[in-house]
Amino acid sequence: MRTQVCIIGGGPSGLLLSQLLHLNGIETVVLEKHTREYVLQRIRAGVLEHGFAQLMREAQCGERMDRECEIHHGFFIAREGILNRVDLHKYSGGNSVVVYGQTELTRDLCDARARMGGIVVHDAQDVALHDIASDKPFVTYTRDNATYRIDCDYVVGADGFHGISRKSIPASVLQEHEKIYPFGWLGVLSRTKPVSPELIYVKHQRGFALCSMRSQVLSRYYVQVPLTDKEEDWSDDAFWTELKNRLPGEVAARLQTGPAIEKSIAPLRSYVCEPMRYGRLFLAGDAAHIVPPTGARGLNSAASDVYYLFQGLVEHYRTGSERGLETYSQRALARVWKGQRFSWWMTMMLHTFPDAISYDRKLQDTDLDYLFSSDAAMASLAENYVGLPF
Ligand code: RFL
Ligand code: PHB
């Protein structure tokens with residue numbers, strides 16, 4: 001088989017790029033390792049920048065999102081039992097964020113690809129990239145014991161942090177920057193009414209917590225846990241008790257609890273690889289960079305990669321110019337690093353670090369004192385949280 005752009009990974013990055021390219025007359029094939037059902041049951045992001053929402057509309061996938069999402073103009077940071085509101089709308093010049101689950105967004109993208117006859121191969125095993133440094137790259141994979149070959153102009157690695165694409169870049173070229181945090185987030189999804197109409201990020205000496213949501217009947221909560229903890233260690237009761245311990249009293253008192261319909265632990269890590277292009281291979285999204293979820297940047301950073309790459313590919317196929325493709329890595333990384341900085345800052349300010357000294361704790365407190373006493377600090381937080389321009 002031959003196509004113009006072969007995309008590895010059928011997560012949000014790969015599907016969104018495929019959809020945008022299709023609408024501009026560029027052929028793609030998406031190779032996804034897992035089944036459609038598996039991809040659609042993963043619970044991940046919940047907060048989208050308005051720029052991401054705009055890109056979904058441009059991809060003709062925004063209809064259900066616009067109908068079912070919630071627009072949030074602010075969120076809370078709780079400390080010492082008190083809720084402090086961050087007014088995103090006021091401090092970002094009238095912007096807001098969109099609360100819509102990654103699961104739903106991925107479903108909308110999958111449905112759109114199917115509706116428009118896009119080729120998305122699920123259950124594609126042993127995907128391997130070949131000759132990416134030449135002008136005739138190709139990709140092979142197996143499915144049902146048969147091996148297939150796809151010849152293409154370009155390969156896009158949108159196969160997440162554990163994917164194979166990044167590993168195809170020679171070690172002599174690839175630079176990796178990584179920071180691992182000494183804890184994870186235990187997340188619970190429950191069919192209960194969210195405890196607050198806006199998200200609450202909680203700084204507490206027992207550890208960070210977050211109250212989020214997917215809809216008015218579906219809540220998403222997280223608590224910071226040691227890396228040694230396993231999901232099985234946490235009964236539903238133990239989770240709710242720990243969450244209540246960390247919430248301000250008035251919030252804990254109105255928390256509705258119920259059976260966990262999903263429970264998982266995600267370790268926290270910051271990672272960037274450079275460059276994001278090697279020969280005919282372009283990396284996008286988690287394949288090239290990940291952030292701790294504290295700043296809600298991961299999927300949003302993926303969206304800006306997709307935007308720059310989409311622009312570069314359309315320019316190339318329309319005019320023959322290589323400019324957009326040649327500057328892709330540089331443009332994408334400039335924004336990626338700003339998302340890294342913001343996620344690192346939110347993580348450092350709000351979590352309990354097992355090896356913190358009193359000096360570190362004083363700085364965390366001072367960071368929050370400064371934030372809630374300075375319009376400039378608030379504006380900086382708000383500008384980053386609603387999303388820097390693409
Ligand atoms: P994905 O979603 O990991 O998709 C990659 C796809 O590639 C497939 N794949 C392969 N396919 C073929 N061959 C191979 N060898 C392959 N290896 C892997 C995988 O099966 C998968 O389908 O990456 P993508 O598309 O770049 O999307 C990135 C986002 O998923 C991620 O950044 C966000 O979920 C991060 N994130 C958040 N981001 C936000 O912007 N806002 C949030 O509120 C937010 N909350 C979160 C988050 C991530 C979390 N976890 C679980 C780490 C909350 C959590 C708890
Ligand atoms: C979520 O709803 O899963 C979520 C929201 C905000 C974050 C991280 C995760 O910062």
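Both ligands and their constituent atoms are indexed starting at 1 by order of listing.
- With salt bridges taken as basic N to acidic carboxylate O contacts below 4.0 Å, none links Arg214 and Glu104.
- In Val127, the part holding a heavy atom less than 4.0 Å from any atom of ligand 1 is the side chain.
- Under 4.0 angstrom from ligand 1, the non-hydrogen atoms of Arg297 all belong to its backbone.
- The Gly163 neighbourhood of ligand 1 comprises atoms 17 (N), with distances under 4.0 Å to a heavy atom of that residue.
- Within the set Gly46, Ser219, Ser212, Ala296, the minimum heavy-atom distance to atom 2 (O) of ligand 2 is found for Ser212.
- Within the 4.0 Å heavy-atom criterion, neither part of Ala287 lies near ligand 1.
- Heavy atoms of Trp185 come nearer than 4.0 angstrom to ligand 2 in at least one pair.
- In summary, the atoms of ligand 1 found under 4.0 Å from a heavy atom of Gly160, numbered by their order in the structure, are 3 (O), 5 (C), 23 (O).
- The shell of residues lying under 4.0 angstrom from ligand 2, judged by heavy atoms, includes Arg214.
- Between Ala158 and ligand 1 there is a heavy-atom distance shorter than 4.0 Å.
- With a heavy-atom cut-off of 4.0 Å, Leu31 touches ligand 1 through its backbone alone.
- Between the CZ atom in Phe208 and the OG1 atom in Thr352 there is a gap of 10.5 Å [rounded to 0.5 Å].
- For ligand 1, one of its N or O atoms has an N or O atom of Asp286 under 3.5 Å away.
- In terms of protein heavy-atom proximity, atom 8 (C) of ligand 2 is nearest to Pro293 O, 3.3 Å.
- Counting only heavy atoms of the protein, atom 6 (C) of ligand 2 lies nearest to Tyr201 OH, 3.4 Å.
- A cation-pi arrangement is absent between Lys136 and Phe138, since the terminal nitrogen or guanidinium carbon is not both under 6.0 Å from the aromatic centre and inside a 45° cone about the axis.
- A cation-pi arrangement is absent between Arg277 and Tyr328 under the rule of less than 6.0 angstrom and at most 45 degrees off the ring axis.
- Atoms of ligand 1 found under 4.0 Å from any heavy atom of Gly46 (numbered from 1 in listed order, with element): 42 (C), 43 (O).
- Ring pair Phe390/Tyr307 is tilted by interplanar angle, where 30° to 60° counts as tilted.
- Annotation: Tyr222 places no N or O atom under 3.5 Å from an N or O atom of ligand 1; distance criterion only.
- Within the 4.0 Å heavy-atom cutoff, Leu210 counts among the residues contacting ligand 2.
- Between Asp111 and Arg113 there is no salt bridge, since none of the side-chain N atoms of the basic residue sits less than 4.0 Å from a carboxylate O of the acidic one.
- Distances between N or O atoms of Gln102 and those of ligand 1 include at least one value under 3.5 Å.
- Relative orientation of the Tyr385 and Tyr201 rings is perpendicular, given thresholds of 30° and 60° on the angle between their planes.
- For the ligand labelled ligand 1, residue Ala124 lies outside the 4.0 Å heavy-atom shell.
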